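These notes concern the structure reproduced below.
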Amino acid sequence: MLQKFRKIDRNKTNTISKQEFRAAIESHFSIELNDTEFNELLKDVPKANDDNRVMYLEFMAKFDCDTSSTLFDAKSLRFLNKNSTMAIV
């Protein structure tokens with residue numbers, strides 16, 4: 001999933017549009033979300049200040065619970081630690 005988000009993020013901003021996020025989720029999990037379901041999901045998804053872009057590293061960090069390793073590379077970890085209120089171990 002992280003690789004899919006990174007492929008979409010051509011400008012390397014660590015954000016993708018809500019539409020790109022929806023397409024990636026639906027494609028990855030082979031599901032189709034209706035607007036109500038998607039909006040409910042978005043309530044818990046970290047968004048950039050303009051609220052139109054999903055911060056996918058922070059979203060993926062919610063699923064990185066193995067403290068012995070991480071799904072993030074060193075550059076992503078530095079970005080998360082510098083720009084997020086979430087603690088990454």
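Quick caveat, the model's predicted, so the values are computed rather than measured.
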Return a table of donor-acceptor pairs under 3.5 angstrom between the side chains of residues 29-36 and protein atoms on other chains or two or more places apart.
| from | atom 1 | to | atom 2 | distance (Å) |
| --- | --- | --- | --- | --- |
| Asn34 | OD1 | Thr36 | N | 3.0 |
| Asn34 | OD1 | Glu37 | N | 2.8 |
| Asp35 | OD1 | Arg22 | NH1 | 2.9 |
| Asp35 | OD1 | Arg22 | NH2 | 3.3 |

Requested in this report: Taking salt bridge (charged side-chain N to carboxylate O under 4.0 Å, His left out) as the test, write out the residues that go with Lys7, two or more places apart.
Outcome: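 Salt bridge (charged side-chain N to carboxylate O under 4.0 Å, His left out) list for Lys7, sorted by chain: empty.
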Expected list for residues 41-49: side-chain donor-acceptor pairs under 3.5 angstrom, two or more places apart:
| from | atom 1 | to | atom 2 | distance (Å) |
| --- | --- | --- | --- | --- |
| Lys43 | NZ | Glu40 | OE1 | 3.2 |
| Lys47 | NZ | Leu42 | O | 2.6 |
| Lys47 | NZ | Val45 | O | 2.9 |

Report task. Quick one: pull up CD in Glu26 and CZ in Phe21 and give me the separation to the nearest 0.5 Å. Result ->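 So the CD of Glu26 and the CZ of Phe21 are separated by 10.5 Å.
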Query raised in the report: Atom CG in Asn52, atom OG1 in Thr15: separation rounded to 0.5 Å?
Result: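 Here the rounded value is 10.5 Å.
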Query raised in the report: Are any non-hydrogen side-chain atoms of Leu57 and Leu2 less than 4.5 angstrom apart?
Result: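 The answer is yes; the side chains approach within 4.5 Å.
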Query raised in the report: Any side-chain heavy atom of Lys12 within less than 4.5 Å of one from Arg6?
Result: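 No; the side chains remain at least 4.5 Å from each other.
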Query raised in the report: Between Ala24 and Met1, what is the shortest heavy-atom contact and its length?
Result: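 Closest approach of Ala24 to Met1, heavy atoms only: O-CE, 3.6 Å.
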Query raised in the report: Do you know which two heavy atoms are closest between Ser27 and Lys4, and how far apart they sit?
Result: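 So the minimum-distance heavy-atom pair works out to OG-NZ, 3.2 Å.
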Query - Donor-acceptor pair, side chain of Asp9 and main chain of Asn14, under 3.5 angstrom - result: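 Yes, because the side chain of Asp9 sits within donor-acceptor range (under 3.5 Å) of the backbone of Asn14.
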Query raised in the report: Taking only residues two or more places apart in sequence, or in another chain, which ones meet Phe38 in a ring pair (Phe, Tyr, Trp, His ring centres under 6.0 Å)?
Result: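 Not a single residue meets the ring pair (Phe, Tyr, Trp, His ring centres under 6.0 Å) criterion with Phe38.
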Query raised in the report: Would you call the rings of Tyr56 and Phe5 parallel, tilted or perpendicular if under 30° counts as parallel and over 60° as perpendicular?
Result: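 Judged by the thresholds at 30° and 60°, the geometry between Tyr56 and Phe5 is tilted.
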Query raised in the report: Among all residues two or more places apart in sequence or in another chain, which pass the side chain to side chain donor-acceptor pair (under 3.5 Å) test with Lys18?
Result: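 Side chain to side chain donor-acceptor pair (under 3.5 Å) list for Lys18, sorted by chain: empty.
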